[in-house]
Every structure is written in structure tokens, then in C-alpha cells.
Amino acid sequence: MAETIHVGHAEEHGHHDHHEMSFLEKYVFPLDHKMIAMQYMFTGMFMALIGGFFAYAFRMQLAFPGMDVPFWGVVTPADYNALVTSHGSVMIFWVAMPVLIAAFGNYLIPLMIGADDMVFPKINRLSYQIFLISAIIIIASFFVEGGAFGGAWTAYPPLSTKAQYSLTPIGSTMWITAVALEFVAFLLGGINFITTAMNSRAPGMKMWDIPMVVWMIVIASILFMLSVGPLLAGGIMMIFDQQLGTAFFDPDRGGDPILWQHLFWFFGHPEVYVVLLPAVGIVAEVMTVFSRKKLFAYKTVLYTAIGTGVLSFTVWAHHQFIAGIDPRMANVFTVTTLLISVPIAEMMFVYIATLYGGKITLTTPMLWALAFVFEFLIGGITGIFLGASGNDIYMHDTYFVLAHFHYTFYPIAIIGTYAGFTFWFPKMFGKMMNDGLGKLHFWLTIIPFNLIFLPLFVLGASGQHRRIYDYTNFPELAQPWQQDLRQLATISLVVMLGAQVIFFYNVIKSWMSGPPAGKNPWNSGTLEWTATSPPPHGNWPEGLPTCYRGPYEYSHPDHDKDYWPQNEPA
Amino acid sequence: MSARPIATTRSAAGMPTARLAVWWIIASEIVIFGGLLGSYIMHRLAHGVWADYAAATNPWIGGFNTFVLLTSSLMAVLGHQAAERGDGPRAAKMLYLTCGGGLLFICVKAYEWTTEISHGMTITANTFWSFYYTAAGIHALHVIAGCIIMLFVAQTAKKNLELHRVEIIGIYWHFVDVVWIFLFPLLYIAK
Ligand code: HEM
Ligand SMILES: [Cu+2]
């Protein structure tokens with residue numbers, strides 16, 4: 001990216017011709033990046049409720065085998081598989097991705113770089129529409145003959161390709177079709193994010209003046225773009241195997257089932273960083289504002305993120321240590337996996353250094369941001385255990401792995417989202433959220449979260465395998481203490497899901513009757529806070545801002561106010 | 001919507017947004033085809049017998065189609081040159097010729113496939129043929145999509161509007177061409 005700024009003469013004429021937009025134009029087929037962001041946000045949250053409900057149903061079965069689960073009924077083995085599979089798929093592809101990348105990306109990128117919209121508003125709208133169709137397909141698959149796909153979110157063949165094994169002739173194909181469409185939607189969205197951030201920055205905004213969250217979403221989009229292609233091709237091959245009878249993944253007829261695992265994890269591992277990086281960025285914004293300090297080592301964080309991105313293409317086979325790969329290759333992947341935890345650890349240290357000596361205010365978003373660091377650390381450290389191939393031969397496919405990745409994904413997708421949502425809520429809706437309710441919601445989410453997943457580490461280490469319908473069939477896994485821990489996890493889950501009511505109540509109540517937020521309630525220095533709350537179509541009708549400095553000029557010695565906004569001339 | 005966003009008129013990276021975007025599209029397409037062809041090559045190396053299957057393809061038809069696509073790419077270049085000079089109608093004409101090339105390519109392909117299928121070489125015959133139809137089929141979809149977009153671009157170019165799009169669709173078309181340059185030896189020639 002060249003650092004020169006070309007200010008087109010077209011800058012002067014903006015949105016002078018405001019015509020009244022119809023309801024459909026404004027809310028259903030919008031071109032405004034903020035409205036598309038809201039579509040993604042609320043679709044994602046709705047899908048999170050669905051994914052959470054799935055988890056509730058199958059956790060009830062594990063804690064109280066055979067019970068008649070309220071709102072679902074008896075969970076049959078086929079139900080169980082479909083619920084687990086859909087839970088994982090929905091949470092990753094229809095919650096983490098749309099909320100962290102698409103919703104925050106759409107909302108924040110133009111506002112934070114001082115632009116009036118995305119560079120391709122129509123592609124942006126198309127991206128959401130394709131995404132919505134994919135979401136409808138995945139939900140609809142529960143209602144077709146044979147029910148929803150039950151072969152796990154990783155969809156390993158031959159279970160996923162042969163109907164006589166999966167017993168879901170239609171559901172399997174709907175699953176892979178929905179996933180492929182979702183990829184297309186995010187490829188379209190990603191092009192928008194990358195080009196907008198590269199090209200449409202406010203005059204004066206140099207590379208190092210870009211807020212960290214924008215960088216992170218852009219790097220995540222690039223990672224996504226460069227990793228998803230092989231799986232998209234693999235998805236087409238899988239559909240052909242399922243519906244046309246080809247044998248790409250069928251060992252009986254010259255195919256190779258491990259090929260799918262490679263294609264899946266070549267994407268699957270970078271994907272975890274695709275969702276991690278935006279959350280890291282969100283937390284960086286929140287932490288700097290509420291500790292009134294510059295982000296520690298801005299450039300290092302950036303290089304680290306890029307380094308992580310590059311490395312993330314070299315670790316995928318750590319998911320396949322027991323899939324029969326050559327032990328020498330396992331060594332290589334162990335080394336790369338251990339290497340990749342270094343940059344991740346560095347990011348955590350950067351946060352701590354940012355907090356150090358800061359003037360910390362414990363608002364709700366700040367609590368979420370701190371919880372992110374605390375909880376993600378547990379996820380990261382347990383990843384190192386799993387990366388050691390010798391150890392992973394024992395741990396693989398146990399609840400230890402499951403607890404590991406929930407300690408990474410949950411901080412990212414849930415904690416990171418709440419940090420961002422409560423932080424930018426005043427901008428999005430023009431009202432302040434209730435801080436007391438926010439904190440209540442925080443504690444009633446965080447404590448049960450730990451009570452769900454800490455026991456699962458213990459259970460996993462005691463040998464409890466994943467994806468088992470009823471542990472009472474395995475006497476050594478059905479000891480009373482194990483069943484007690486399962487019930488603890490399930491009850492905590494129910495408490496945590498219930499606590500989300502507080503959040504939705506708070507959102508609706510604050511939106512309706514919260515105190516007005518004003519332009520910049522947190523005294524933040526980045527550009528989005530110079531627009532009105534909520535910003536109108538075009539963001540700054542009075543003229544787009546110019547940028548004069550970096551995003552985190554807090555407590556600057558040469559400035560009397562404790563922050564120095566990016567748009568204020570020296 | 002009203003006027004175009006100001007965002008679209010900026011180019012902080014020093015490259016027009018549309019050109020930037022098409023390069024990113026191509027990057028993501030490269031990994032799609034890369035994954036597919038990588039899988040193919042791994043299989044091919046593991047199964048010596050695939051050479052026999054590949055011998056049944058018709059390199060003359062494939063060669064002719066290569067020639068057709070290369071010529072059409074030349075037309076796209078001429079169209080770009082005309083657009084640079086501001087000669088919209090000529091640029092449009094060149095784009096129509098490019099499309100014609102694409103159409104010819106598809107027709108030849110249709111003939112080729114019908115013959116092969118009628119000789120029992122279907123997509124399920126064995127994994128070589130599965131790859132053959134899948135890879136060439138996905139490529140053909142790109143040819144068709146490129147042609148359709150090109151017709152739209154030509155429509156506006158004819159009126160001397162949005163001439164920069166001629167270059168953009170040209171870049172995309174060259175890419176589709178290059179993919180074929182990889183497919184042709186891999187599927188037809190390598191024995
Ligand atoms: C500190 C860096 C990390 C290391 C060293 C690491 C290592 C590993 C390893 C070795 C496995 C495979 C375990 C097995 O299946 O036997 C694994 C599984 C997994 N990790 Fe991580 N991980 C790290 C960070 C993350 C992050 C940031 C995420 C998510 C955002 C994540 C999500 C997952 C998921 C989803 C799985 C399991 C997938 C499945 O089998 O269903 N990991 N991790
Ligand atoms: Cu991984």
C-alpha cells in the first residue's frame with residue numbers, strides 16, 4: 001500500500017440529493033453499510049439463539065440420558081447427531097463469522113477510516129442476501145426427510161458422503177450447500193472490506209493511523225480469502241460424491257477420504273484466526289479507551305497478526321495426528337503448532353502492557369475485554385498441550401479438545417462480541433446502555449461459562465470421548481462423579497442461556513428509553529465518534545473528516561484534553 | 001440510492017478500486033483452482049493408471065479450444081486499447097468478439113463432452129474422469145459468467161460510458177484463460 005493520498009476532486013459532491021427511501025429500500029434491501037451491518041448482527045444473534053438451543057437440547061441428553069427435554073422432546077440418537085453437528089456449524093459459520101467479520105466489519109470500517117460507505121454497496125447487499133439464503137437452508141435441513149446432517153461440523157467422509165451411513169440423504173447435501181454459499185457470501189464481503197480499507201481512507205490517514213480493529217478485520221478477510229478456496233472446491237467434490245455418485249473421497253473406488261480432511265483443515269485452522277483477529281481488534285479498541293493509554297506496540301501487534309496469519313497456513317495437520325499421517329510429518333506440524341502459540345501469547349502480553357499504569361475504568365465493555373484476555377489465555381495454553389503430537393494421540397477427540405476450543409471460540413464469538421456490542425451500542429443506537437444490567441449480565445454469563453467448560457477439561461482428561469450419545473453405555477465413563485460433572489455443566493449452560501434474557505431486555509429498554517449518548521460518550525479518539533449517534537446515511541453529511549494522527553492519542557503530554565481525536569488539526 | 005459514495009472515488013492505495021478488487025477476486029479464485037488441481041495432481045501421482053485414462057482425451061479438440069481462448073484474450077486486449085483511446089464503440093466490438101470466442105469454446109466443449117459421455121466416459125466412470133469434468137466444468141462456468149458480464153460491460157462501453165470496466169473484465173478474462181492453460185496440459189497432455 002502506497003502511503004500517498006490522492007484526494008479526488010469528486011470529494012466535494014456527496015449526498016445532496018436525499019430522496020425519501022421506502023421501508024423496503026431502507027431496511028430490507030439497504031445499501032447503507034450500517035444497515036447491512038445490523039442485518040448481519042441481528043441475523044447472527046438470532047442464529048446464536050438457535051445454536052444455543054441446540055446445545056441445550058443435547059446437553060440435557062448427556063446430563064439426564066433419555067429424559068423428555070422441555071421444548072424438544074426425547075433426543076434420539078439421530079437427533080443428537082444432528083443437534084451437535086448443527087450447533088458447531090451454526091456457531092462458527094452463522095454466528096462468529098457474520099457477527100465478528102461482517103457486522104463489525106461493515107459497521108466499523110467505513111466509519112473508522114472516515115468514508116461514507118463501502119466501495120461496493122451493491123456487492124455488500126448481495127453478500128448479505130446470499131448469507132441469509134445459506135442460513136435458511138441450514139435451518140430448513142431439520143425439516144427434510146431424514147432430518148439434518150449429523151456427521152459433525154468437520155463432515156469427514158465417508159460418513160458425510162454416503163447416505164447409507166449418514167441416513168440423511170438430503171440433509172447432508174443441504175449442509176454442504178449452505179456452507180459453500182456462506183463462503184461465497186464472505187468472499188464477496190471480504191473483497192469489499194479489503195478494498196475499502198486499502199483505498200477509501202480519509203485524507204491524511206496513513207497506514208499506521210488505521211485503528212487496530214480495521215487492520216484485524218482486513219487481515220482476517222485476506223486469510224479467509226486465501227484459505228477457503230480449496231474447501232470450496234472440496235465442497236463441490238463432496239456434493240458430487242453425494243448426489244452424482246463420484247468417488248473423490250471414496251477409498252473403495254479410488255478416492256481418498258483423507259483428502260477431505262486436508263482440504264477442510266487447510267481452511268479450518270486459518271479460520272480460527274479469521275474469527276480470532278477481529279475479536280483481538282475489538283478488545284484493543286475497548287482497552288485503549290478504558291485505560292486511557294496508547295495501544296502498546298501498535299506496529300508489533302500488526303506484524304504479529306500478519307505473522308500469525310502466515311503461520312496459520314502451516315499447522316493444519318495438528319487436527320489429523322491420528323488420521324494416519326506420517327509420524328515425521330506429525331513432528332513438523334507439532335513444531336509449527338508450538339510456534340504459532342508464540343505470536344498469540346505476544347498479543348496477550350501486549351494487552352497487559354497496555355493496561356499497565358493506565359487509568360482503568362471498569363465499564364461493561366471493559367469487563368468483557370478483560371474477560372477476553374483471561375479466558376482466551378486458558379484456551380491458548382491448552383492448545384499447546386494438544387499441539388504436542390505425542391500427547392494428542394491420547395487427547396484427540398476427547399472433551400479436552402472440546403473444552404480447549406470452547407475456551408478459544410467462546411471468548412472470541414461471545415465475549416468479544418459483547419465487548420464490541422456494548423462499546424459501540426451508543427454509536428449504533430444513539431442511547432447509553434444500562435451499566436448495572438450490563439454488569440449483571442456479564443457475571444451471569446462469565447461464571448456459568450467457566451462452570452460449563454472447566455469440568456469438561458477434567459472429563460476429557462479422564463478419557464471421555466466426544467460425540468457419544470449416552471455415556472451410561474460405557475461403564476468406565478458413567479461413574480457417579482463423571483455424571484455429576486456432566487450435570488454441573490448442563491445446569492450451568494441453562495443458567496447462562498437464561499442470563500441472555502437480561503441482555504436482550506437491556507438492549508430493547510436502552511434503545512427505547514436509554515439516556516441519549518451524544519457523539520462521543522467514551523471520549524474516544526477514533527473517527528467514528530465524530531459522527532452523530534447514530535450516524536445518518538453518508539455518515540458525515542457536513543463533509544467527511546480528515547485525519548491528522550494515530551488512533552490512540554490518550555493522555556498525550558502536549559494536549560490539554562486527555563484525548564486527541566484523529567480529526568482535530570494540531 | 002443517490003450519488004455514488006465518495007468512498008468509491010478515493011484511491012489511497014494508488015490503484016483504482018475496481019482494479020484492486022478484481023485482483024483480489026483473482027487471488028481467491030487461484031486458491032479455489034489451486035486446491036482442485038493440487039488434489040488432482042496428488043491423485044495423479046499416486047495412480048499410474050490414470051495416464052491410460054488421460055490417453056482417451058482428445059488433445060486436438062483441447063488444443064483447438066486453447067487457441068480459441070488465446071485469440072479471444074487478444075480481442076480483450078484490443079478492446080482495452082480502444083477503451084484507453086476513448087473509443088467506446090470499438091471497445092464494445094472487441095468485447096463482443098471476445099464473447100464470441102467464449103461461446104465457441106463452450107460449443108466445442110459441449111460437442112467434446114457429448115462424444116465422451118456417449119463412449120461411456122462419464123463423470124462417475126472413475127476418479128480421473130470425475131476430476132476431468134469437475135475441473136473443466138468449473139472452468140466452463142467461469143467462461144460463461146465472464147461472457148455474461150462482458151455483454152453488460154460492452155453495452156455501456158458502446159455509449160462511451162464506464163470505459164474503465166473494459167480493462168477490469170479483460171483482466172478477469174485473461175485469468176480464465178490462464179486457468180485453461182493449466183488445465184489443458186494437466187488433463188489432456190500429461191501422459
Ligand atoms: C495458541 C494457539 C493454539 C494452539 C496451539 C491450538 C492447538 C490445537 C490442536 C493441536 C488441536 C487439535 C486437537 C485434536 O483434535 O486432537 C486444536 C483443536 C481445535 N482448536 Fe485450537 N489451538 C490454538 C488456538 C485456537 C484458536 C484461537 C481457536 C479458535 C478460534 C481454536 C479452535 C480449535 C478448534 C475448533 C479445534 C477442534 C476442532 C474439532 O476437532 O472439532 N484453537 N487446537
Ligand atoms: Cu488448528
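Numbers restart at 1 for each chain; the letters A, B, ... are given by sequence-line order, proteins then strands. All values below come from the heavy atoms of this structure, side chains included, with hydrogens, waters and symmetry mates left out.
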Inset, instruction - Report the residue from A:Val119, A:Leu544, A:Ile113 that forms a side-chain contact (heavy atoms from CB on, under 4.5 Å) with B:Arg10. - result: A:Leu544
Legend entry - Region of B:Phe131 that comes under 4.5 Å of a non-hydrogen atom in chain A: both
Legend entry - Contact origin within B:Ile138 toward chain A - heavy atom pairs under 4.5 Å: side chain
Atom of [X], atom of [Y] and distance for their closest heavy-atom approach:
X        : Y        : value
B:Ala7   : A:Ser200 : O-OG, 2.7 Å
A:Phe248 : B:His43  : O-NE2, 4.1 Å
A:Gly255 : B:Thr127 : N-OG1, 4.2 Å

Are any non-hydrogen side-chain atoms of [X] and [Y] less than 4.5 angstrom apart?
X        : Y        : result
A:Met225 : B:Val31  : no
B:Trp129 : A:Thr246 : no
B:Ser39  : A:Leu263 : yes
B:Leu36  : A:Met237 : yes
A:Leu259 : B:Met42  : no

Legend entry - Main-chain N/O of B:Pro5 paired with A:Asp116 side-chain donor or acceptor, under 3.5 Å: no
Inset, instruction - Select one option (side chain, backbone, both, neither) describing which atoms of A:Leu187 are under 4.5 Å from chain B's heavy atoms. - result: side chain
Inset, instruction - Could you look at A:Thr196 and say if it's the side chain, the backbone, both or neither that has a heavy atom under 4.5 Å from chain B? - result: neither
Legend entry - Full working for ring-ring contact (aromatic ring centres under 6.0 Å, His included) between A:Phe240 and B:Tyr133: CA-CA 11 Å; A:Phe240 284 180; B:Tyr133 286 106; 10.0 Å; no
Inset, instruction - Could you check which of A:Asp250, A:Ile222, A:Asp256, A:Asp241 has the highest count of heavy-atom pairs closer than 4.5 Å to chain B? - result: A:Ile222
Inset, instruction - Tell me, out of A:Leu232, A:Ile194, A:Leu244, A:Val228, who's got the most heavy-atom pairs with chain B below 4.5 Å. - result: A:Ile194
Does [X] have more than 12 heavy atoms from other residues, nucleotides or ligands lying within 6.0 Å of its [atom1]?
X       : atom1 : answer
B:Trp23 : CH2   : no
B:Lys93 : NZ    : no
B:Phe64 : CZ    : no
A:Phe29 : CZ    : no

Inset, instruction - Answer yes if the side chains of B:Ser11 and A:Asn199 hold a donor-acceptor pair under 3.5 Å, and no otherwise. - result: no
Inset, instruction - Walk me through it: do A:Met118 and B:Thr8 pass the test side-chain contact (heavy atoms from CB on, under 4.5 Å)? - result: CA-CA 8 Å; A:Met118 286 282 176; B:Thr8 56; over 6 Å; no
